[in-house]
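Worksheet: the structure to be examined is printed underneath.
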Amino acid sequence: YDEKHVVVGGIGIIEDKTKEHNALNELEFLALHDPLTSLFNRRGFGDYMERLISGDQHKRDYSLLFYLDLNQFKGINDSLGHSVGDEILIHVAERLVYAFGNDCEISRLGGDEFIIVAPYVSEEEDIAKSIARQYGEQIKDIFTDPFIIKELHLYVSSSIGIIIINPNYTNIEEII
């Protein structure tokens, strides 16, 4: 203040919160994503499904859910080790993202279980079924070529469950 009690200056404190902000973002990412594949984990998948079924488009459009379980995966882990099993999971995730990443949401629920959701594919059930067949064939094709890990050519297959999610259907647990 000057002699007339007018403010002539001030003091400010600036604190860089970048590290704190980045740490919070990383924690949020880790809470919703699988650390091995970076796909949504079970919690991230649940959050995604909540958004899907509460969307306006869900009132009129069919969506698709594909539940994948790798066949004989336990045998690979037991005979070749968890590091090879982890590499297979990473490669499966990469192939799924490459094939469906732009159109679908892909999650790893844990172990060798993956879920692919194709949101809002059609207002017509017959068209949704046709798209489901096409996607099912694409998923099968992902497992045609071997997974090459530590100079081993490993052939892995998958069991696939396909669910057509009806418009307005909101029970996520039942869908799974």
Side-chain angles (χ1 to χ4, degrees), residues 18-19 21-53 62-122 127-165 172-176:
T18 304
K19 286 182 183 178
H21 178 73
N22 290 342
L24 287 173
N25 284 343
E26 187 175 339
L27 280 174
E28 183 177 326
F29 182 86
L30 290 173
L32 299 176
H33 293 82
D34 172 53
L36 185 65
T37 63
S38 296
L39 298 175
F40 272 145
N41 60 18
R42 186 175 296 275
R43 182 175 176 192
F45 168 73
D47 289 355
Y48 171 78
M49 287 301 292
E50 288 291 337
R51 289 190 305 275
L52 179 102
I53 64 171
Y62 289 88
S63 295
L64 308 172
L65 185 142
F66 301 86
Y67 190 99
L68 282 69
D69 185 67
L70 303 184
N71 299 329
Q72 276 80 43
F73 183 73
K74 184 181 180 323
I76 290 171
N77 261 344
D78 291 346
S79 63
L80 300 173
H82 289 278
S83 65
V84 172
D86 287 351
E87 285 297 316
I88 287 176
L89 294 172
I90 291 167
H91 288 289
V92 167
E94 288 171 350
R95 288 184 187 186
L96 291 172
V97 168
Y98 180 77
F100 301 104
N102 292 332
D103 301 323
C104 301
E105 193 58 61
I106 305 165
S107 305
R108 177 178 171 230
L109 293 192
D112 62 342
E113 298 171 309
F114 293 86
I115 288 186
I116 302 167
V117 177
Y120 316 128
V121 294
S122 177
I127 294 172
K129 286 180 180 179
S130 175
I131 293 169
R133 278 191 285 283
Q134 292 170 10
Y135 277 28
E137 289 299 320
Q138 282 183 270
I139 293 168
K140 276 182 20 185
D141 290 346
I142 285 170
F143 296 96
T144 302
D145 292 331
F147 294 87
I148 302 170
I149 298 162
K150 297 183 180 179
E151 299 182 21
L152 298 170
H153 287 66
L154 302 171
Y155 289 90
V156 177
S157 62
S158 175
S159 299
I160 307 168
I162 303 172
I163 297 99
I164 296 175
I165 304 169
I172 295 171
E173 290 302 317
E174 212 169 277
I175 290 170
I176 296 173

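When a residue number appears, it is its place in the shown sequence, counting from 1.
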Measure across [X] and [Y] and return the closest heavy-atom pair with its distance rounded to 0.1 Å.
X	Y	answer
L52	P119	CD1-CB, 3.3 Å
Y155	T144	CE2-O, 3.7 Å
F66	A132	CE2-O, 3.7 Å

First locate atom [atom1] of [X], then atom [atom2] of [Y], and finally report the distance between them rounded to the nearest 0.5 Å.
X	Y	atom1	atom2	answer
I131	I164	CD1	CD1	9.5 Å
I165	I53	CD1	CD1	9.0 Å
I163	I175	CD1	CD1	8.5 Å
N77	S83	CG	OG	9.0 Å
M49	S63	CE	OG	7.5 Å

Test of understanding: with ring pair (Phe, Tyr, Trp, His ring centres under 6.0 Å), list the residues that count as partners of Y67, not counting sequence neighbours.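 Ring pair (Phe, Tyr, Trp, His ring centres under 6.0 Å) list for Y67, sorted by chain: empty.
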
I162 and Y135: CA distance, side-chain angles, deciding distance, side-chain contact (heavy atoms from CB on, under 4.5 Å) verdict: CA-CA 10 Å; I162 303 172; Y135 277 28; over 6 Å; no

Test L68 against F143 for side-chain contact (heavy atoms from CB on, under 4.5 Å), laying out the working first.
CA-CA 12 Å; L68 282 69; F143 296 96; 4.1 Å; yes

When the side chains of residues 89-107 are checked against the rest of the protein, which donor-acceptor pairs come out under 3.5 Å, sequence neighbours left out?
from : atom 1 : to   : atom 2 : distance (Å)
H91  : ND1    : E94  : OE1    : 3.4
R95  : NH1    : I142 : O      : 2.7
R95  : NH1    : D145 : O      : 3.1
R95  : NH2    : P146 : O      : 2.9

Would you say the side chain of [Y] lies within less than 4.5 Å of the side chain of [X], judging by non-hydrogen atoms?
X	Y	result
E87	L80	no
L154	V84	yes
H33	F40	yes
F45	V117	yes

Chi angles and distances behind the side-chain contact (heavy atoms from CB on, under 4.5 Å) call for Q138, I116: CA-CA 12 Å; Q138 282 183 270; I116 302 167; over 6 Å; no

- With a cut-off of 6.0 Å (strictly less than), are more than 12 heavy atoms of other residues, nucleotides or ligands near CZ of R51?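 Buried by this count: over 12 neighbours within 6.0 Å.
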
Under the salt bridge (charged side-chain N to carboxylate O under 4.0 Å, His left out) rule, collect the residues that match up with D78, sequence neighbours excluded.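 D78: salt bridge (charged side-chain N to carboxylate O under 4.0 Å, His left out) contacts with K74.
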
- Is a side-chain N or O of N41 found less than 3.5 angstrom from the main chain of A31, in a donor-acceptor match?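 Yes; at least one donor-acceptor contact below 3.5 Å.
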
